[in-house]
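From a predicted model like this one, the values you see are computed outputs, not experimental measurements.
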Amino acid sequence: MGKRWYVLHTYSGYENKVKDNLSHRVESMELQNVISDIQIPTEEVTEIKEGGKKVTSDKKVFPGYVLIKMNMDDHTWGVVRNTPGVTGFVGAEGKPIPLTREEYQKIMGKAVKQVPRKTSTDIQVGQVVKVINGPLTDFDGVVSEVLPEAGKIRVMVSIFGRETPVELSFDQVEKVN
């Protein structure tokens, strides 16, 4: 079957620790041939702090989730599932479901389009919007809050079958008619 990307659910705030723990387990158990990559999807965020100082940092796109590329079998499932900080795989009825290539590319932001920033919008709470750039490109969601002074909106996006609140800038979405 070959290696596929799976999504792990972790305790929020433990994503980096889970990645480190998994990397050490893979190395010590010599599983590099069946577990080949571990990713924490992030996006670069620039904030303006006091005094007008710009600070750029990486922010987790999906807090509480880690992606892992692996061959799934009972042994590798057990190794990953029993790693401290991992609460389970994302899937139906406890059965891990691999991501499609399109889902993986959307999540990792492979199709980022550069668009100039907007500071005002006519988008309203309750409207359906489509994400047009950033890691969630092509996801749809419902606007739950508009923050004009910050140039942002909060959108409820269905990710891994769960409604997840995501903060986006006005230029990352367009209205769906």
Item checked: Trp77 side chain reached by Pro96 side chain, heavy atoms, under 4.5 Å -> yes
Item checked: Co-membership, hydrophobic cluster, residues Val129 and Val146, 4.5 Å side-chain -> yes
Checklist line | Summary of ring pair (Phe, Tyr, Trp, His ring centres under 6.0 Å) pairs that have at least one residue in residues 37-69, sequence neighbours excluded | finding: His9-Tyr65, Phe62-Phe160, Tyr65-Phe160
Item checked: Other residues, nucleotides, ligands: >12 heavy atoms within 6.0 Å of Gln32 CD -> yes
Next item on the list: Test Ile159 against Leu136 for side-chain contact (heavy atoms from CB on, under 4.5 Å), laying out the working first.
Entry: CA-CA 9 Å; Ile159 302 167; Leu136 299 173; 4.3 Å; yes
Notebook entry, point to check: Can you name the residues that form a side-chain hydrogen bond (donor to acceptor under 3.5 Å, both in side chains) with Arg25, not counting sequence neighbours?
Noted result: Thr83
Notebook entry, point to check: Is there a donor-acceptor pair closer than 3.5 Å between any side-chain N or O of Gln127 and the backbone N or O of Gln124?
Noted result: yes
Check: Once you round to the nearest 0.5 Å, how far does CG of Asn133 lie from CG of Leu168?
Finding: 9.0 Å
Notebook entry, point to check: Would you call Lys130 and Thr137 a side-chain contact if the rule is heavy atoms closer than 4.5 Å?
Noted result: no
Notebook entry, point to check: How close do Val66 and Val18 get, heavy atom to heavy atom, and via which atoms?
Noted result: CG2-CG1, 4.4 Å
Notebook entry, point to check: If you take all heavy atoms of Pro98 and Glu103, which pair is closest and at what distance?
Noted result: O-OE1, 4.3 Å
Notebook entry, point to check: Is there a side-chain contact between Ile132 and Val173, using heavy atoms and a 4.5 Å cut-off?
Noted result: no
Check: So which of Leu99, Val90, Ile40, Asp37 actually passes side chain to side chain contact (heavy atoms under 4.5 Å, CB included) with Leu67?
Finding: Leu99
Next item on the list: Quick one: closest heavy-atom pair of Ala92 and Ile97, and the distance?
Entry: N-CD1, 3.4 Å
Item checked: Hphob cluster co-occupancy, Ile153 + Val142, side-chain heavy atoms under 4.5 angstrom -> no
Check: Out of curiosity, does Met70 fall in the hydrophobic cluster containing Met29 (side-chain heavy atoms, cut-off under 4.5 Å, transitive links)?
Finding: yes
Next item on the list: For the residue pair Phe170 and Lys152, establish whether any side-chain heavy-atom pair is separated by less than 4.5 Å.
Entry: no
Margin query: Can you list everything that forms a side-chain hydrogen bond (donor to acceptor under 3.5 Å, both in side chains) with Thr76? Sequence neighbours excluded, please.
Written below: Asp73
Margin query: Applying side-chain hydrogen bond (donor to acceptor under 3.5 Å, both in side chains), can you list everything that pairs with Asp20, at least two apart in sequence or on another chain?
Written below: none
Notebook entry, point to check: Rounded to the nearest 0.5 Å, how far apart are OG1 of Thr100 and CZ of Arg4?
Noted result: 8.5 Å
Notebook entry, point to check: Hey, what do you get for CG (Asn33) to CG (Asn71), rounding to the nearest 0.5 Å?
Noted result: 8.0 Å
Check: Taking the side chain as C-beta and beyond, is there a heavy-atom pair between Val155 and Pro165 under 4.5 Å?
Finding: no
Next item on the list: Applying side-chain contact (heavy atoms from CB on, under 4.5 Å), run through Leu22 and Leu8 and close with a yes or a no.
Entry: CA-CA 11 Å; Leu22 278 168; Leu8 294 177; 3.6 Å; yes
Check: If you group Ile, Leu, Val, Met, Phe, Trp and Tyr by side-chain heavy-atom gaps below 4.5 Å, do Val61 and Met156 land in one group?
Finding: no
Notebook entry, point to check: Mind checking whether Met108 and Gln39 have side chains closer than 4.5 Å, heavy atoms only?
Noted result: yes
Next item on the list: Any chance you could measure Lys19, atom NZ, to Thr10, atom OG1, to the nearest 0.5 Å?
Entry: 13.0 Å
Item checked: Residues Glu15, Lys60; criterion side-chain contact (heavy atoms from CB on, under 4.5 Å); working and verdict -> CA-CA 9 Å; Glu15 302 87 357; Lys60 292 176 184 72; 3.2 Å; yes
Notebook entry, point to check: After noting the C-alpha distance and the side-chain angles of Asp138 and Val131, does the key distance pass the side-chain contact (heavy atoms from CB on, under 4.5 Å) rule?
Noted result: CA-CA 5 Å; Asp138 295 330; Val131 181; over 6 Å; no
Checklist line | side-chain contact (heavy atoms from CB on, under 4.5 Å) partners for Ser36, two or more places apart | finding: Lys3, Lys69
Notebook entry, point to check: Do the side chain of Ser12 and the main chain of Gly64 share a donor and acceptor less than 3.5 angstrom apart?
Noted result: no
Next item on the list: Can you sort out the partners of Glu27 under salt bridge (Lys or Arg N to Asp or Glu O under 4.0 Å), two or more places apart, ordered by chain and number?
Entry: none
Notebook entry, point to check: Taking atom CG of Asp74 as the centre, does the number of heavy atoms from other residues, nucleotides or ligands within less than 6.0 Å exceed 12?
Noted result: no
Check: Do Ile35 and Ile68 have side chains that get closer than 4.5 Å, going by heavy atoms?
Finding: yes
Note to self: Regarding Glu43 and Lys59, does a basic nitrogen lie under 4.0 Å from an acidic carboxylate oxygen?
What the structure shows: no
Check: Side chains of Val86 and Asn21: closer than 4.5 Å at any heavy-atom pair?
Finding: no
Notebook entry, point to check: In terms of the angle between their ring planes, are Tyr6 and Phe89 parallel, tilted or perpendicular, with boundaries placed at 30° and 60°?
Noted result: perpendicular
